[in-house]
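Below is one structure, written out as structure tokens; the observations come after it.
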2 protein chains.
Amino acid sequence: MRIAEFARATGFPVDTLRYYEKIGLIDPPLRDSAGHRVYGDAELRWAEFLHRLKTTGMSISEMLVYADARAAGDHTAPERADMLRAHRAEVAARVAELRECLSVLDTKIATYEAMMSDAKGPDHAAPDHRDQSGARPQAAE
Amino acid sequence: MRIAEFARATGFPVDTLRYYEKIGLIDPPLRDSAGHRVYGDAELRWAEFLHRLKTTGMSISEMLVYADARAAGDHTAPERADMLRAHRAEVAARVAELRECLSVLDTKIATYEAMMSDAKGPDHAAPDHRDQSGARPQAAE
DNA sequence: CTAGGGGTTGGAGCGCACTCTAGGTCAAGC
DNA sequence: GCTTGACCTAGAGTGCGCTCCAACCCCTAG
């Protein structure tokens with residue numbers, strides 16, 4: 001697999017793949033006779049996992065620590081497991097936070113919808129605009 | 001409420017509050033006799049809502065669109081409601097994506113744990129290091 | 001009356017993670 | 001033989017979102 005196909009397969013742009021290689025996040029792959037990078041299945045699996053880590057908000061410097069531990073060999077497995085457990089906890093916290101925000105958004109959207117269906121109601125204060133306290137019991141802002 | 005207390009209340013650093021005011025995300029608040037900013041409850045509610053939007057990954061440029069619509073008056077309510085609905089959908093998608101990543105992390109952590117409990121098992125391939133396909137049925141990477 | 005602790009401004013600088021550019025090589029097809 | 005297109009390199013540039021700085025002002029407590 002050459003770099004363009006690898007980019008399609010992993011979801012990383014070509015430039016990003018070369019950048020990751022340069023900083024040591026991806027091992028330098030084999031080259032064909034023309035000097036072009038040739039990627040295999042192991043590289044693909046690793047890049048896909050990196051993509052997961054990135055999706056979950058892990059910074060490049062953290063991924064580098066993980067990648068370096070991985071490169072150092074099997075004896076770093078406990079360290080890597082610890083990192084993943086810590087990261088897992090952060091992601092779970094993030095999910096909880098986002099779910100909370102979702103319910104705030106829902107409340108606010110509902111307030112807008114109530115406001116818009118009372119298109120000519122007696123009190124049409126926008127949920128955002130200045131003070132609406134006392135209008136309705138829910139905390140919308 | 002002066003800026004330091006407002007910063008504590010909203011979770012935004014003082015510099016960030018002034019920056020948001022400069023770019024038009026926060027309205028210029030009243031000033032006291034010394035020229036110091038004085039914030040009230042309406043400002044607090046708006047800043048808290050901005051904090052939610054930021055937490056959910058909305059970019060500053062999107063927040064500016066929302067803020068500008070809000071400043072333009074009540075007739076932009078439908079537009080703002082649409083923005084929030086679209087954003088809500090993005091956040092929900094993000095939550096789904098993160099939950100998927102969580103399960104990948106769980107699988108990988110489990111693989112590490114299995115590997116470490118078989119501290120001297122016959123096959124102690126690290127879940128990360130090169131090929132492990134065929135070892136166990138789960139897809140771990 | 002002076003020191004300290006908050007506040008003010010405009011503008012420069014920064015860290016992250018890419019992203020793009022210029023100039024070059026190589027292999028295949030017309 | 002020449003063009004096309006995918007790839008290569010080193011290094012410069014970009015966009016975002018702050019974050020910091022210098023120089024200044026004002027109020028209060030000792």
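Throughout, a chain's letter reflects where its sequence line sits, starting with A, and its residues are numbered from 1.
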Looking at every heavy atom in both A81(B) and M116(A), which two are closest together, and how far apart are they? CB-SD, 4.2 Å
Could you run down nucleotides 17-25 of chain C 5' to 3' and tag each one B, S or - for protein heavy-atom contact under 4.0 Å? BBBB-----
In whole angstrom, give the distance that lies between atom [atom1] of [X] and atom [atom2] of [N].
X: L64(A); N: dC16(C); atom1: CG; atom2: P; answer: 11 Å
X: I3(B); N: dT9(C); atom1: CD1; atom2: C1'; answer: 12 Å
X: L17(B); N: dT8(C); atom1: CG; atom2: P; answer: 10 Å
X: M1(A); N: dA6(D); atom1: CE; atom2: C1'; answer: 16 Å
X: L53(B); N: dG17(D); atom1: CG; atom2: P; answer: 13 Å
X: Y39(A); N: dC8(D); atom1: OH; atom2: C1'; answer: 12 Å

Judged by each residue's nearest nucleotide on DNA chain D, which is more toward the 5′ side, V38(A) or A34(B)? V38(A)
Do any side-chain nitrogens or oxygens of R2(B) fall under 4.0 Å of OP1 or OP2 in dC26(D)? no
Is the distance from OP1 or OP2 of dT8(C) to the nearest side-chain N or O of R37(B) less than 4.0 Å? yes
Could I get the full list of side chain to side chain contact (heavy atoms under 4.5 Å, CB included) partners for E5(A), not counting sequence neighbours? M1(A), R8(A)
Residues at least two apart in sequence or cross-chain that pass side chain to side chain contact (heavy atoms under 4.5 Å, CB included) with A34(A), listed by chain then number, are D32(A), H36(A)
Applying salt bridge (Lys or Arg N to Asp or Glu O under 4.0 Å), which residue pairs with at least one partner in residues 87-97 of chain A are found, sequence neighbours left out? R88(A)-D106(B), R94(A)-E97(A)
Nearest of dA27(C), dT9(D), dT9(C) to any side-chain atom of R31(B)? dT9(C)
Shared hydrophobic cluster for L64(B) and Y19(B) (ILVMFWY, side-chain gaps under 4.5 Å): yes
Over all strands shown, is R18(B) touching base, sugar-phosphate only, or nothing at heavy-atom distances under 4.0 angstrom? base
Sorted by chain and number, sequence neighbours left out, salt bridge (charged side-chain N to carboxylate O under 4.0 Å, His left out) with E100(B) holds for R52(A)
Among residues at least two apart in sequence or on other chains, which ones pass salt bridge (charged side-chain N to carboxylate O under 4.0 Å, His left out) with E113(A)? R85(B)
